[in-house]
Number of protein chains: 2
Amino acid sequence: MDKYEEIIEYVLKKIKPSEKDLEEINSLASKIINKCKEKCIKNNLETEVILSGSTAKNTWLKNLGEIDVFILFNKSLDEKKIEEYIIKIGKEAIKDLNGIYRLRYAEHPYVEGFINKYRINIVAAYKVPKGEWKSSADRTPYHTEYVNSKINDYLRDQIRILKAFLIGCKLYGAEIKIGGFSGYLAELLIINFGNFMKVIEEVAKWKPQVYIDIEKLLNEEEAFKKFPYNPLIVIDPVDMNRNVAAAVTKTKFSEFIISSKLFLKNPSNKFFFKKKYKLKKIKEIIEKIKKEERNILAISFINKENKPPDVLWGELLKTLNGIEKFMNKEGFKVIKCDAWSNNKDCLLLYELQSLQLPKNYKHIGPPVFIENALDFIEKNLKNKDIISGPWIKGYRIYLEKRRKVQDVRKILIEKIRKNEVSIAKGLLPKILKGKIIEGIGVAHLCKNNIELREFIENFLKGRAPYI
Amino acid sequence: MDKYEEIIEYVLKKIKPSEKDLEEINSLASKIINKCKEKCIKNNLETEVILSGSTAKNTWLKNLGEIDVFILFNKSLDEKKIEEYIIKIGKEAIKDLNGIYRLRYAEHPYVEGFINKYRINIVAAYKVPKGEWKSSADRTPYHTEYVNSKINDYLRDQIRILKAFLIGCKLYGAEIKIGGFSGYLAELLIINFGNFMKVIEEVAKWKPQVYIDIEKLLNEEEAFKKFPYNPLIVIDPVDMNRNVAAAVTKTKFSEFIISSKLFLKNPSNKFFFKKKYKLKKIKEIIEKIKKEERNILAISFINKENKPPDVLWGELLKTLNGIEKFMNKEGFKVIKCDAWSNNKDCLLLYELQSLQLPKNYKHIGPPVFIENALDFIEKNLKNKDIISGPWIKGYRIYLEKRRKVQDVRKILIEKIRKNEVSIAKGLLPKILKGKIIEGIGVAHLCKNNIELREFIENFLKGRAPYI
């Protein structure tokens with residue numbers, strides 16, 4: 001048995017649900033489905049209630065089992081009605097089984113429940129023929145059907161191993177916060193390549209763009225035209241107009257490549273399991289920042305609205321990039337940046353080459369041949385902040401100016417107030433009420449927040465978990 | 001009389017040679033020509049000796065009169081022979097007239113002499129039919145002939161005014177050091193546009209590329225193909241394959257535009273006369289550097305070889321740019337730079353945003369999909385200068401590194417020694433023996449050199465003379 005087989009066997013032992021686990025989850029799933037059916041009949045609804053997701057395909061990982069119940073409504077019902085019904089039926093079903101529930105929001109609201117150790121999602125979709133989608137959830141029953149028609153117990157285990165790898169390397173999840181690989185995408189990769197090791201070997205050879213089309217629904221040329229910006233294109237076997245890997249960012253695509261290369265070179269269990277965070281003292285974090293002369297800037301604010309995570313994370317990442325671009329344009333060099341949120345407290349974290357800009361800088365003026373070139377010169381001759389110039393180089397006019405404000409914090413505050421920084425509209429008022437913190441002050445932010453402390457520490461380390 | 005006419009009249013009074021000036025220079029020119037003819041006969045040479053340049057065209061400026069004597073040799077003589085003869089004949093002619101002389105070098109050597117207040121150049125060329133040039137000086141007699149056939153006394157004055165404008169704005173001279181407008185080019189501009197004011201009005205409207213072809217020898221499309229990199233194309237009326245404005249740099253082209261615009265808006269005498277330098281004390285220069293927090297770096301060295309100025313300045317400008325590019329690449333931001341030389345002492349002067357780089361910086365690694373991506377990661381994991389990373393962003397691997405050397409002077413010395421900076425071969429040994437000076441130390445360089453002091457002061461001011 002080679003090293004790879006040894007590791008895979010070990011991982012599988014850890015992550016494969018036992019017969020007892022399977023019985024338990026399936027019996028609970030049946031109860032929920034029956035409850036939902038009962039409620040539908042009571043409401044005179046002609047529906048189909050089915051199990052979906054990883055439980056329906058038996059591709060779930062031990063301790064990570066979730067029960068996805070889909071209620072398929074008649075397509076003549078309008079969206080509002082369906083939203084009302086799913087909330088009502090979902091709530092009652094969970095309550096009847098002594099669980100707790102809350103409402104969550106994706107494209108439509110759905111009911112999330114907790115019964116014993118299991119998370120349950122009760123989701124509405126339309127019962128439509130393939131291709132006549134009314135909402136994105138309508139495809140899910142077809143996904144379940146497709147995958148089940150293609151896999152056997154061997155492939156189920158291979159899928160579990162790949163999912164564990166993606167989880168261990170922080171690549172799992174199609175939500176905007178992650179931008180990674182969904183469970184369905186993992187299943188399709190195994191179906192396409194045949195087993196876990198083959199997936200890893202192929203991924204290690206990937207270069208953008210990668211095109212996978214199991215059912216040969218399109219050709220490469222069409223696919224590249226259809227999805228020009230995705231590094232990875234995996235045509236959905238149930239819908240040739242959909243790229244299952246549309247959520248995968250360039251970064252996650254690249255991380256999958258490099259983690260596959262690393263695993264092939266130095267196989268180890270660590271690729272499959274999340275590292276446990278060893279809590280560090282605030283003092284240690286401060287010491288590290290000081291000793292390494294790190295230039296950290298944090299923008300901390302609170303998002304009180306209960307936005308769907310994909311909405312909030314869309315805003316956070318747009319803002320993270322907008323501020324990064326602004327700072328680079330101003331002359332600060334951003335070394336790296338990242339965002340964190342528990343869906344209420346939000347943090348945008350930056351590391352810069354320097355928190356101060358030099359006193360004097362070169363101001364690039366217009367080319368001499370534009371009409372208002374003289375205006376530029378005359379306006380600036382009266383300016384007291386001009387250190388030298390104007391002079392000409394090539395076709396342009398240049399000046400040397402004195403900077404009034406050199407500190408990144410002060411510049412950011414001023415420019416955000418003047419609306420000169422690209423910030424998501426939904427976050428702007430929150431950021432204006434928030435705090436901007438420089439240097440070691442950042443460490444104090446995570447005094448009472450262990451999750452945030454882990455994030456900040458990982459940021460300072462800046463190393464992917466698989467390296 | 002409008003403001004422009006008033007100024008032009010005033011300038012003309014100052015710069016137009018008197019009848020007495022003309023008699024004096026022409027009588028001296030005749031003497032030299034006769035002397036040269038005499039010597040040619042003595043040497044059994046069949047030559048033609050002619051007056052050329054601005055004296056021959058009567059387009060010279062008071063106090064700036066030069067006598068260019070061309071000896072036209074039979075085209076069967078080889079270059080070496082001609083060089084011998086011109087040195088011999090030139091020397092003897094100047095000596096016989098009680099002048100002093102020295103040898104100078106362009107494409108070929110020539111004799112420069114001084115008699116009374118006049119500079120004399122005795123230059124060799126071949127007597128060839130138009131178009132059959134053997135050396136670049138062969139065109140000159142044809143230039144003289146062409147211009148004289150096109151101008152009258154009114155145009156002669158207009159040419160003088162334009163030349164004075166070019167001198168006052170530091171745009172005059174086609175040598176590499178200047179990269180500006182030759183006397184012949186000024187003459188052609190007046191011939192083309194009709195008078196000084198028309199030239200200025202047209203230049204104020206220029207945008208690159210500008211195409212002027214008085215004799216309609218080419219068309220625009222051909223000209224742009226023939227001279228794709230010149231902002232200004234002026235087809236030589238005696239040779240359609242030559243751009244008379246080939247030496248004009250983008251900067252000088254732009255400066256001519258902006259000075260024309262400024263003159264039209266605020267006409268004044270100052271555009272026509274070089275400002276006299278008011279000597280400042282070293283202490284004042286030091287005070288200015290300190291007070292304005294200027295970050296100055298100078299590379300000072302000595303060129304002992306007696307190279308032709310165009311050769312030395314070609315090397316100086318190549319090196320000036322090479323070091324600028326290197327510093328920008330390293331992360332220093334060059335605000336401006338300039339070179340100075342008296343043909344022996346040389347100075348490359350830079351102003352930077354900062355003389356120090358920040359301690360930590362982002363190192364950009366390879367894309368994940370190249371073959372040696374893992375080598376890059378593994379090599380760097382052992383590196384003690386890694387502060388954080390490696391991490392992935394987009395398709396690339398990044399690291400944060402600690403800089404060993406932050407000071408521009410130390411970095412430059414190290415990298416010049418390692419031959420990692422683009423420096424003209426001919427200057428490298430001289431620069432290695434030279435000095436690199438930072439900050440106020442630069443001011444001490446010009447303790448005993450007034451010309452250099454003017455250069456440094458103008459550099460600090462950084463303002464074109466016409467602004």
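A note on names: the letters A, B, ... follow the listed sequences, proteins ahead of strands, and every chain is numbered from 1. For clarity, every value in this text was computed on a predicted model and none was experimentally measured.
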Side chain, backbone, both or neither: which part of A/Lys333 has a heavy atom under 4.5 Å from chain B? side chain
Could you tell me which portion of A/Leu460 (side chain, backbone, both or neither) has an atom closer than 4.5 angstrom to a non-hydrogen atom of chain B? backbone
Most heavy-atom pairs under 4.5 angstrom with chain B, which of A/Trp206, A/Tyr361, A/Phe459, A/Trp391? A/Trp391
For the interface with chain B, which of A/Ala464, A/Pro367, A/Pro390 has the highest count of heavy-atom pairs at distances below 4.5 Å? A/Pro390
Please report the interatomic distance CG(B/Asn360) to CD1(A/Ile335), rounded to the nearest 0.5 Å. 6.0 Å
Per-residue tally against chain B (heavy atom, under 4.5 Å) across A/Ile258, A/Ile386, A/Ile370 peaks at A/Ile258
Among A/Gly389, A/Ala204, A/Pro231, who wins on heavy-atom pairs under 4.5 Å with chain B? A/Gly389
One should read off an interatomic distance between B/Lys250 NZ and A/Tyr395 OH, to the nearest 0.5 angstrom, of 5.0 Å
If you measure from CZ on B/Phe253 to CZ on A/Phe369, what distance do you get to the nearest 0.5 Å? 8.0 Å
Could you check which of A/Lys205, A/Arg294, A/Lys288 has the highest count of heavy-atom pairs closer than 4.5 Å to chain B? A/Arg294
Any donor-acceptor pair under 3.5 Å linking the side chain of B/Ser354 with the backbone of A/Pro358? no
Under 4.5 Å heavy-atom distance to chain B, tell me which part of A/Phe256 shows up: side chain, backbone, both or neither. neither
Does some side-chain heavy atom of B/Ile257 sit less than 4.5 Å from a side-chain heavy atom of A/Ile392? no
Heavy-atom distances under 4.5 Å only: say whether A/Asn266 touches chain B with side chain, backbone, both or neither. side chain
Of all the residues in residues 397-407 of chain B, which have a heavy atom that comes within less than 4.5 Å of a heavy atom in chain A? B/Ile397, B/Glu400, B/Arg402, B/Arg403
So for B/Ile377, is it side chain, backbone, both, or neither that comes closer than 4.5 Å to the heavy atoms of chain A? side chain
If you count heavy-atom pairs under 4.5 Å between each of A/Glu292, A/Lys393, A/Lys359 and chain B, which one has the most? A/Glu292
I'd like to know if A/Glu378 and B/Lys265 make a salt bridge, using a cut-off of under 4.0 Å between side-chain N and carboxylate O. yes
Before giving the answer on side-chain contact (heavy atoms from CB on, under 4.5 Å), spell out for A/Ser388 and B/Lys336 the whole-Å C-alpha distance, their side-chain angles and the decisive distance to 0.1 Å. CA-CA 10 Å; A/Ser388 88; B/Lys336 62 175 175 237; 2.5 Å; yes
Just wondering, more than 12 heavy atoms not from A/Lys362 lying within 6.0 Å of its NZ? yes
For A/Glu255 and B/Val368, run side-chain contact (heavy atoms from CB on, under 4.5 Å): C-alpha distance rounded to whole Å, both residues' side-chain angles, the deciding distance at 0.1 Å, then the answer. CA-CA 8 Å; A/Glu255 290 192 317; B/Val368 296; over 6 Å; no
Does A/Gly394 offer a backbone N or O that forms a donor-acceptor pair with the side chain of B/Ser254 under 3.5 Å? yes
